[in-house]
There are 2 protein chains.
Amino acid sequence: MTCESGKMFFQIDSTNGIPVYEQVARQVTFAVANGALQSGELVPSVRQLARELAINPNTVARAYRQLQDQNILESRRGTGMVIANGARPICKTERTRILRERIGYVIDEALQSQLTKEEIQKLFQSELGKKRGK
Amino acid sequence: MTCESGKMFFQIDSTNGIPVYEQVARQVTFAVANGALQSGELVPSVRQLARELAINPNTVARAYRQLQDQNILESRRGTGMVIANGARPICKTERTRILRERIGYVIDEALQSQLTKEEIQKLFQSELGKKRGK
DNA sequence: CCTACCGTACTAGAACGCTATTACACCATG
DNA sequence: CATGGTGTAATAGCGTTCTAGTACGGTAGG
């Protein structure tokens, strides 16, 4: 699942084991971290985003609630949710934490398979080369 | 959770989102791929492994059933499960496939966050450096 | 004021992974 | 033959994730 909503670009995969609400929360976090969303800006409404992603509004609400708890979003009842003041540094820290964690898991998995660091390195390079991007 | 059983060394993390039965199956696959287990050898029994890993026998049975479907294990009713003939190349292929897949996911996630390939590279190096191993 | 959209809250149910427990068929061992 | 360990199967229950539906209070705009 992939869609565009306002300044956000969402890509949700409901088959990869990662809870959908976490994927939503993560992508908002990333968008704030890289400046696509700035403090004070409105985020897509619960119902609208749910409609566009073809998921349940409760799932979006849960993601937003989690971001609220992390002081990344602020609720303006009747209006919507806006990016909180000071959200950017929090999101940058979060982004690094999340990516380091995921990378760490993969490396552990590879080490368990008795591959050497060098072999893991090569696998990584090979996969990175397949992707396009800067 | 970590334990030793016969020629196998298991490390199960029931909090990382990956189903336990998949972790068990994966570790058997890896052990065969790197030669720790060879064709004809008995694998720990369902009950024994379940006891040692402090998980339910059904969960181990499910992992073994999956390996059976992949022609990696053969059931000898009343005796146990043995590594099937020709399991090794299957496991080697599986290992590469699994690791490439996982690495691909992580890279996609990082690219989504708008990091450049170079930055992702650096993060990976940094994490790999933290680990000990060959 | 009224309507429409916002967040929020609650209940109910399906699907999945896992646990707990029981039962049964099979084979090796003594 | 009897015992004990093996794989296999079935049932029931729990927690989590997600869906579905409903309802309520707040805010904006005509």
Side-chain angles (χ1 to χ4, degrees), chain A residues 1 3 5-6 8 10 12-28 37 40-84 87, chain B residues 1 3 5-6 8 10 12-28 37 40-84 87:
Chain A
M1 189 61 219
C3 93
S5 181
M8 305 272 318
F10 286 93
I12 302 295
D13 180 357
S14 48
T15 69
N16 67 1
I18 301 176
V20 176
Y21 73 90
E22 270 192 26
Q23 296 186 48
V24 173
R26 181 167 46 80
Q27 302 209 20
V28 173
L37 288 178
E41 278 192 282
L42 273 169
V43 106
S45 85
V46 167
R47 289 175 176 83
Q48 181 191 342
L49 187 54
R51 213 180 312 126
E52 291 176 355
L53 291 176
I55 61 179
N56 194 279
N58 283 333
T59 305
V60 179
R62 179 163 181 182
Y64 282 2
R65 199 185 323 131
Q66 179 177 307
L67 291 168
Q68 221 176 340
D69 293 341
Q70 293 177 285
N71 296 314
I72 292 170
L73 285 186
E74 255 179 43
S75 160
R76 305 247 168 111
R77 216 181 166 110
T79 304
M81 308 273 272
V82 298
I83 310 296
Chain B
M1 190 59 219
C3 93
S5 180
M8 305 272 318
F10 286 93
I12 302 294
D13 179 357
S14 49
T15 69
N16 67 1
I18 301 176
V20 176
Y21 73 91
E22 271 191 27
Q23 296 185 49
V24 173
R26 180 167 47 80
Q27 302 207 21
V28 174
L37 287 178
E41 279 193 281
L42 273 169
V43 105
S45 86
V46 167
R47 290 175 177 80
Q48 181 192 343
L49 186 55
R51 213 180 313 124
E52 291 176 355
L53 290 177
I55 62 180
N56 194 277
N58 284 335
T59 304
V60 180
R62 177 163 182 183
Y64 283 2
R65 198 185 324 131
Q66 181 176 306
L67 292 168
Q68 221 176 337
D69 293 342
Q70 294 178 284
N71 298 313
I72 292 169
L73 284 187
E74 257 180 40
S75 161
R76 304 246 169 110
R77 217 182 165 108
T79 304
M81 308 273 272
V82 300
I83 310 296

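Every chain is numbered from 1, with letters handed out A, B, ... down the list of sequences.
- In this structure B:E74 satisfies the side chain to side chain donor-acceptor pair (under 3.5 Å) test with no other residue, sequence neighbours excluded.
- Pairs passing the salt bridge (charged side-chain N to carboxylate O under 4.0 Å, His left out) check and including a residue from residues 55-64 of chain A, sequence neighbours excluded, do not occur.
- Annotation: proximity of residues 46-60 of chain A to DNA chain D (heavy atom, distance under 4.0 Å) is found for A:R47, A:I55, A:N56, A:N58, A:T59, numbered in ascending order.
- First and last contacts of DNA chain D with chain B, using any nucleotide atom under 4.0 Å from a protein heavy atom and ordered 5' to 3', fall at D:dG5 to D:dA10.
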Sequence neighbours left out, cut at 3.5 Å: what donor-acceptor pairs do the side chains of residues 40-53 of chain B make with other protein atoms?
unit_1, atom_1, unit_2, atom_2, d
B:E41, OE1, B:Q38, N, 2.7
B:E41, OE2, B:K7, NZ, 2.9
B:S45, OG, B:Q48, N, 3.1
B:Q48, NE2, B:E52, OE2, 3.2
B:E52, OE1, B:S5, OG, 3.0

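- Taking A:Q70 as the reference, A:Q66, A:L67, A:I72, A:E94 meet the side-chain contact (heavy atoms from CB on, under 4.5 Å) condition, with sequence neighbours excluded.
- Not counting sequence neighbours, the partners of B:N56 by the side-chain contact (heavy atoms from CB on, under 4.5 Å) test are B:N58, B:T59.
- Judged as a side chain to side chain donor-acceptor pair (under 3.5 Å), and not counting sequence neighbours, B:N71 has no contacts.
- If you check residues 63-78 of chain A against DNA chain C, the residues with a heavy atom closer than 4.0 Å are A:Q68, A:S75, A:R77, A:G78, listed by number.
- Qualifying side chain to side chain donor-acceptor pair (under 3.5 Å) partners for A:R26, counting only residues two or more places apart in sequence or in other chains: B:E109.
- Distance CE (A:M81) to C1' (C:dT8): 10 Å, rounded to an integer number of Å.
- Not counting sequence neighbours, the partners of B:D13 by the side chain to side chain donor-acceptor pair (under 3.5 Å) test are B:T15.
- Taking CD of B:Q23 as the reference point, atom CD1 of B:I12 lies at 5.0 Å (rounded to 0.5 Å).
- Contacts with DNA chain C (heavy atom under 4.0 Å) in residues 12-22 of chain B: B:P19, B:V20, B:Y21, listed by number.
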